[in-house]
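Worth saying up front: this structure is predicted, and the values here are computed from it rather than measured.
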Amino acid sequence: MERGLLWLPLLVMFFWLAWQGSKEYQKVEAYRTWAEQFERAKYDIYAVLGQKGNNLTWGKPTPQGPIKLETFSLLDVTQIQFLVDEKLVDVENPPDKGRSIELEFLFSKSTNSVRVPFTEIPLAAEWGKFLQRVLQDLRSQPQ
């Protein structure tokens, strides 16, 4: 009897982990379907981000698919900043560690900005470099 009681918490833990794994798998599969419409996309536990042409769409991943989706045009962006722990960081020389990792998009026509969270500094730095190149290319094209 005592042995059974000792194994019960482990059994409960196993089912909880299996349930969590199933939810994460559903999130990834919903993201995969959502990401097919984009030229470039990223998924992590904090946010999904997709780029198609000059437009960026981002939102929060859920097992049913991304929610709270927002879309904006890179044509409206004046600057892209790489923030680690609320401090401006150079994308070419990112720090090794940080708790809060975000790309901030500043707009020309409003005082609002959009902050897209990331879980990994290298991933955020690569996206920052890529989007800054796209932004420079857009500015260099004749209007």
Side-chain angles (χ1 to χ4, degrees), residues 1-140:
M1 175 79 172
E2 296 91 19
R3 289 184 186 154
L5 291 175
L6 290 174
W7 284 101
L8 184 62
L10 289 174
L11 184 62
V12 169
M13 182 68 126
F14 173 77
F15 281 112
W16 180 79
L17 284 172
W19 178 70
Q20 289 294 327
S22 172
K23 279 181 50 178
E24 194 60 35
Y25 177 77
Q26 289 172 347
K27 282 184 190 179
V28 172
E29 287 302 309
Y31 160 76
R32 187 186 328 256
T33 303
W34 175 80
E36 289 174 354
Q37 63 186 315
F38 297 102
E39 298 163 6
R40 183 178 169 109
K42 79 103 179 168
Y43 168 87
D44 65 34
I45 59 173
Y46 293 137
V48 294
L49 176 66
Q51 183 246 341
K52 185 173 184 179
N54 297 333
N55 292 326
L56 290 177
T57 302
W58 77 283
K60 182 172 174 43
T62 68
Q64 294 77 30
I67 60 169
K68 298 181 183 177
L69 293 173
E70 294 182 35
T71 301
F72 60 91
S73 174
L74 284 172
L75 297 171
D76 299 331
V77 173
T78 57
Q79 189 177 8
I80 301 170
Q81 296 181 339
F82 182 31
L83 303 172
V84 176
D85 295 332
E86 300 292 324
K87 295 176 185 157
L88 187 60
V89 175
D90 181 22
V91 292
E92 299 297 332
N93 299 312
D96 294 330
K97 296 180 181 176
R99 289 180 177 259
S100 170
I101 306 152
E102 299 172 315
L103 284 181
E104 182 177 32
F105 299 88
L106 304 173
F107 299 101
S108 57
K109 297 180 181 171
S110 72
T111 57
N112 295 338
S113 66
V114 169
R115 287 187 174 189
V116 179
F118 284 75
T119 54
E120 298 178 6
I121 291 175
L123 181 62
E126 288 302 314
W127 268 90
K129 289 178 200 174
F130 171 76
L131 292 172
Q132 285 177 350
R133 281 194 308 270
V134 170
L135 194 59
Q136 287 174 348
D137 292 346
L138 286 173
R139 289 182 182 157
S140 65

N/O donor-acceptor pair under 3.5 Å between E104 side chain and S113 backbone: no
Whether W127 and F118 hold their rings parallel, tilted or perpendicular, with breakpoints at 30° and 60°: tilted
Residue pair L106 / Q81: nearest heavy atoms and the distance that separates them: CD1-NE2, 3.6 Å
Side chain D85, main chain G98, donor-acceptor under 3.5 Å: no
Shortest non-hydrogen contact from P61 toward I45: CG-O, 3.9 Å
T57 side chain vs G50 backbone, donor-acceptor pair below 3.5 Å: no
A47 versus P117, closest heavy-atom pair with distance: CB-O, 3.7 Å
Sidechain-backbone polar pair: Q37 side chain, W34 backbone, donor-acceptor under 3.5 Å: yes
Interatomic distance, I80 atom CD1 to L74 atom CG [nearest 0.5 angstrom]: 6.0 Å
Nearest non-hydrogen partners of E70 and V114, listed with the distance: OE1-CG2, 4.3 Å
Closest contact, heavy atoms only, L103 versus F82: CD2-CD1, 3.9 Å
Flag, side chain of Q51 to backbone of G53, donor-acceptor distance under 3.5 Å: yes
Spatial distance of atom CD (Q132) from atom CD (E92) [nearest 0.5 Å]: 8.0 Å
Heavy-atom donor-acceptor pair, K42 side chain to A124 backbone, under 3.5 Å: no
